[in-house]
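Written below as structure tokens is the structure these notes are about.
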There are 2 protein chains.
Amino acid sequence: MDDSSEYLALPPGSGAILSLIASGAGQSRASLAQAAGLSRSTIAERLAPLFAAGFVEEGAEALSSGGRPARILRLNKNFGVTLAADVGESHIHLAVTDLEPNILVENVVSLDVRSGPETILARIVDEFCDLLDRVGRTKREVLGIGLGMPAPVDYEAARVFGPSVMLGWDDFDIRGWMRAHFEAHVLVENDVNLMTLSEFRRFWPDVGQFLFIKAGTGIGSGIITDGRIYRGAQGAAGDIGHIQFASDNAPLCRCGKLGCVEARAGGWALARDLRAQGFTAHNARDIINLVRINQPEAIQLVRAAGRVLGEVTADVVSVLNPAVIVIGGVLSEAEEHLLSGVRELVYQRSLPLATRKLQIAAARSNPSVGLLLGAAQLVIESQMAPATIDRTIARYRRPAIPRPLESLTDSPRSRSD
Amino acid sequence: MDDSSEYLALPPGSGAILSLIASGAGQSRASLAQAAGLSRSTIAERLAPLFAAGFVEEGAEALSSGGRPARILRLNKNFGVTLAADVGESHIHLAVTDLEPNILVENVVSLDVRSGPETILARIVDEFCDLLDRVGRTKREVLGIGLGMPAPVDYEAARVFGPSVMLGWDDFDIRGWMRAHFEAHVLVENDVNLMTLSEFRRFWPDVGQFLFIKAGTGIGSGIITDGRIYRGAQGAAGDIGHIQFASDNAPLCRCGKLGCVEARAGGWALARDLRAQGFTAHNARDIINLVRINQPEAIQLVRAAGRVLGEVTADVVSVLNPAVIVIGGVLSEAEEHLLSGVRELVYQRSLPLATRKLQIAAARSNPSVGLLLGAAQLVIESQMAPATIDRTIARYRRPAIPRPLESLTDSPRSRSD
DNA sequence: TACCTTATGATTGTTTTTATACATAAATTC
DNA sequence: GAATTTATGTATAAAAACAATCATAAGGTA
């Protein structure tokens, strides 16, 4: 037994502990024991190889609750990386992230989504390789790949659905294609769900029923219940942009129906209305630029959009009774101009029991960064889940560091005193 | 150690097994081992005391999968009873059930819900005692009490909310009051959620995303995801009856708002419209009676109501993307007269991805029986849940039957050959 | 009927996990 | 600064759970 090149065989059960640490269910050895239903001795026994293999680190901070503070355990954010890409209608935004996740390096390329899946995926693969080189990481270190798509996605099958903007993508086997080029797990998710996940984990982690509404050029929503994305039966949940309201002169939506929320309050619809008044505007960003310079017509349109959004939000509140609603997307940069209408309609229309403690807030994260972090988060959570953790550990087994335990106990941790 | 009067101390861990059996997660010893993550030996060891204490029985049926069929394990449905009550606006429906659940005895009493909580709860307690006597069971055998209320309910707090029909009930401590008279767990739930639960468990147990719509005198809905009632943050989820649609001449709802779904399609609204045409009708039952004799005006109103219901259902489908929608309540007895409108609007308005595999069906269980069974089911599931099972076992510990294991192995089970 | 398959019962020694104890560490409170 | 509280490290005997094995049971299939 030479311990310089020997691969460390992690004892069975360590995976479950790592999974708990990754999910945040256990921050200290004591809370891990409670969460796992195991004794302190067993936790200690299982942590040792996780430290030795470099999966787990000790945080310097320590929250005291009266006595000796617990030593915070956390995932070693550098034992692997994720690849994240946001496929937009005209641009692709890509990044390499660590496992916290933080963006290590990113890039934006111009490419029309209608170029078709093979062209776009090939470009994504190229860019990923490039970005990996730039941060000096290898394909072997890639925990998984997360792709965000501006369309309904069947999450299990990792396929885009419906003949939307994504011409040629319908039912295309994205996972199969990617795995021919990367030996990593490939997850595909709707872009709104990724923004939802990111906003939720960073700012509202303990909220049971969370609703995120994206008001951008298009309109959509994401739902999180009990900490998990609610996808519905086919992954089509949260599709509020194409709920229809009756009215005189119901506008034609780009989906072909009349009077959809998006055709009344989406960025493209507001741009349409501004153009009719002689302005130059094509998308949500153009609207916001006009709002920023206090253009009254733009502000008025955004406020009207807020009320339309409020109408549909009130319906969703009646159905879901969320504890928190966050409005994101480019239009949400108009802050109160948009939110006041939402608040007005929700409080007017929904049951007092449902609105009494309801919070309605603007998103705090940058949409594009949030989306990439959401994609990374999804990859991390899926690969660190109890069902997959053992496979993940097996892939990342490293040569054992000689005498890791002694070195750890000799100099417990760096401190500032 | 005399084994005739000795109370059997169940070894720790048996509770988890019983919980799995009760939830249906394990039907045989082998599948239990898998579900619990324990070995066959351990399962056998833990089952013995469960048999001895009378918690578990062996079913006669045995499903073969090529070799020796597994012996089906199931909860002994007679080791306790539940008490269930459906508080309606003018009547109270009560029952004692076993743990399957089946109704053992039931009764209906006329009592206006506006008599106030103390009067009504006192009457319920009296009736429960009476019903227990009639089936020869004692208070000690009561696993729990389930109450269904025609109003929004805060499930955790077991309180009714909002100044609705239930005058004087707002924030009344139902659990506290009941527990002064019965030493049993008291659960209070919205009536629609109970009907939802019952319909789901009996007819659609494996559906991931389930939506139940109650179309009766009022209109409401219940949502089940991953086998659990979705209640939202305060228990107000599924309140679709008071979603508002704009239109000319929006009718006034009994909630005070204009244009609610209920004011357009609820039984009381249809009765209002029929009275305006000279008929005599006051509630959903009257409407259905007219439909049954093919009264054209009634049929036309029900069909129009179906389309209104379809409008709101389409919205809910866009938000939730359910796999199955069941329409229940008295109006659903009109079957296709009501359902065709729902189907029409849902297929017309919702995303094809969401409707491709969507099933829309009429409820199969009798509303009132379903509600009572739902209340019983809720009690059983809550008392058999992993978190509470050990308390439940402790309450129901019985004197050990002398030499229970030997008697079991001597005559393994009754068979029909 | 013989054979195959799967489920279960019973027994064994081995391995894992636990409870317990005592010592140490690091914060708060008095 | 001492006492208190909480978290952790280490060690050991006791308990629990396991895998492995053989035997039996009960269905289907050739």
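Reminder, nothing fancy here: chain letters follow the sequence lines and each chain counts from 1.
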note: Glu45(B), atom CD; dA19(D), atom P; distance rounded to Å ~ 14 Å
Look at the side chain of Arg68(B) and decide which nucleotide, out of dG27(D), dT24(D), dA16(D), has an atom nearest to it. dT24(D)
Look for any protein N or O under 3.5 Å of an N or O in nucleotides 28-30 of chain C and output each such pair with its distance, or none.
residue : atom : partner  : partner atom : Å
dT28(C) : O4'  : Gly66(A) : O            : 3.3

Counting side-chain heavy atoms from CB outward, which of dA7(D), dT17(C), dA7(C) is closest to Ala70(B)? dA7(C)
Are Arg40(B) and dA19(D) close enough that a side-chain N or O sits under 4.0 Å from OP1 or OP2? no
Within residues 16-34 of chain B, find the residues that approach DNA chain C with a heavy atom at under 4.0 Å, and present them sorted by residue number. Ser28(B), Arg29(B), Ala30(B)
Ring geometry between Phe210(A) and Trp204(A) (parallel below 30°, tilted from 30 to 60°, perpendicular above 60°): tilted
For the pair made of CZ in Phe51(A) and C1' in dG9(D), what is the distance, rounded to whole Å? 13 Å
A quick test of your reading: do over 12 heavy atoms of other residues, nucleotides or ligands sit less than 6.0 Å from CZ of Arg364(B)? yes
What distance do Ile21(A) atom CD1 and Gln27(A) atom CD have between them, rounded to the nearest 0.5 Å? 10.0 Å
Rounded to whole Å, CG of Leu73(A) lies from C1' of dT8(D) at a distance of 11 Å
Take the C1' atoms of the five end pairs on each side of the helix from dT1(C)-dA30(D) to dC30(C)-dG1(D), derive the two axes, and give their angle rounded to 10 degrees. 40°
When you measure from the side-chain N and O atoms of Thr42(B) to the phosphate of dA17(D), is any distance below 4.0 Å, counting only OP1 and OP2? no
Any Lys/Arg nitrogen of Arg40(B) or Glu45(B) sitting under 4.0 Å from an Asp/Glu carboxylate oxygen of the other? no
Report the distance from atom CD1 of Ile72(A) to atom P of dA7(D), rounded to the nearest whole Å. 11 Å
Looking at Arg201(B) and Glu381(B), does any basic side-chain N land under 4.0 Å from a carboxylate oxygen? yes
Roughly, in whole Å, what's the span from CG in Leu38(A) to C1' in dA15(D)? 15 Å
